[in-house]
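For reference, the structure is listed below as structure tokens.
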Amino acid sequence: MESLHYLLMKTHAMFYRQIQAEIGKIGLTSGQPKILEFLQKYKEADQKTIASYCEIEQATVGSILLRMEKAGLVVRRQKEGNRRSLYVSMTQKGEEAARQLTGIFHGVEAAAARDLSEGEVAELKELLTKLCDSMQAQAAGKKVEK
């Protein structure tokens with residue numbers, strides 16, 4: 001059996017290629033799906049929060065948001081009492097793109113998991129969540145409880 005690193009890397013690469021092929025059809029570029037998915041879930045946030053959640057450098061998020069703003073997918077505005085941060089939210093066009101994106105994600109996931117039972121999918125999600133939690137705790141210098 002291949003190493004965990006190799007299997008995770010290969011799976012991610014295949015998922016990424018399939019999703020990239022589909023998002024291009026609806027006019028999205030790399031990086032935009034993560035941000036739309038985040039905004040669909042949380043509605044509004046500042047650039048720093050988006051960068052942290054999406055595991056993208058803050059400067060990179062800034063350039064992605066600029067393209068998204070020009071495309072009419074998001075708006076950035078100041079909140080009352082906070083002149084330092086711009087808060088990002090989706091436009092109606094962004095919400096429609098996010099709905100299409102959800103369909104793309106579901107389709108790619110369903111195709112990838114077609115040979116797995118519902119229980120196996122649930123177990124895989126649980127194990128990947130544990131793996132993510134462990135890696136986040138390590139990055140933060142904390143010990144993970146078992």
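All of these numbers come straight from a predicted model, not from anything done at the bench. The figures here come from the full heavy-atom set of this structure, side chains too, leaving out hydrogens, waters and symmetry mates.
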List the atom pairs, with distances to 0.1 Å, where a side-chain N or O of residues 51-66 and a protein N or O form a donor-acceptor pair under 3.5 Å, not counting sequence neighbours.
residue : atom : partner : partner atom : Å
S63     : OG   : T60     : O            : 2.9

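- Across all their heavy atoms, I23 and L101 have their closest contact at CG2-CD1, 3.6 Å.
- Side-chain contact between I104 and I26: present, with at least one pair of heavy atoms (C-beta onward) separated by less than 4.5 Å.
- Hydrophobic clustering (side-chain heavy atoms under 4.5 Å, transitive across Ile, Leu, Val, Met, Phe, Trp, Tyr) groups F105 together with V108.
- When the options E95, R77, R76 are evaluated for a side chain to side chain donor-acceptor pair (under 3.5 Å) with S89, the one that passes is R77.
- Nearest heavy atoms, Y87 versus D46: CD2-N, 3.8 Å.
- Interatomic distance, NZ of K48 versus CG of L86, reported as 14.5 Å (0.5 Å rounding).
- The hydrophobic clustering, which links ILVMFWY residues whose side-chain heavy atoms are closer than 4.5 Å, places F38 and F15 together.
- Rounding to the nearest 0.5 Å gives a distance of 5.0 Å between OG1 of T11 and CE of M14.
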Discussion item. Could you go through K93 and E96, starting from their C-alpha distance and side-chain angles, then the distance that decides it, and tell me whether this counts as salt bridge (charged side-chain N to carboxylate O under 4.0 Å, His left out)?
Written reply: CA-CA 5 Å; K93 184 177 178 182; E96 175 56 32; over 6 Å; no

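- Under the 4.5 Å side-chain heavy-atom criterion for grouping Ile, Leu, Val, Met, Phe, Trp and Tyr, M135 is not connected to Y6 through any hydrophobic cluster.
- L36 places a side-chain heavy atom less than 4.5 Å from the side chain of M90.
- For the atom pair E109 CD and K125 NZ, the distance stands at 6.5 Å (nearest 0.5 Å).
- The aromatic rings of H12 and Y16 sit parallel, their planes meeting at an angle under 30°, below the 60° perpendicular limit.
- Side-chain atoms of L39 and V88, non-hydrogen and from C-beta on, do get closer than 4.5 Å to each other.
- Here the straight-line distance linking atom CE of M9 with atom CG of L7 works out to 9.0 Å at 0.5 Å rounding.
- In this structure, L128 CG and E123 CD are separated by 10.5 Å, a value rounded to the nearest 0.5 Å.
- With hydrogens and angles ignored, the 3.5 Å screen pairs no side-chain donor or acceptor of T49 with any backbone N or O of A45.
- For the pair Q40 (side chain) and E37 (backbone), a donor-acceptor distance under 3.5 Å is absent.
- Proximity of T29 to R67: side-chain heavy atoms (C-beta onward) are separated by under 4.5 Å at one or more points.
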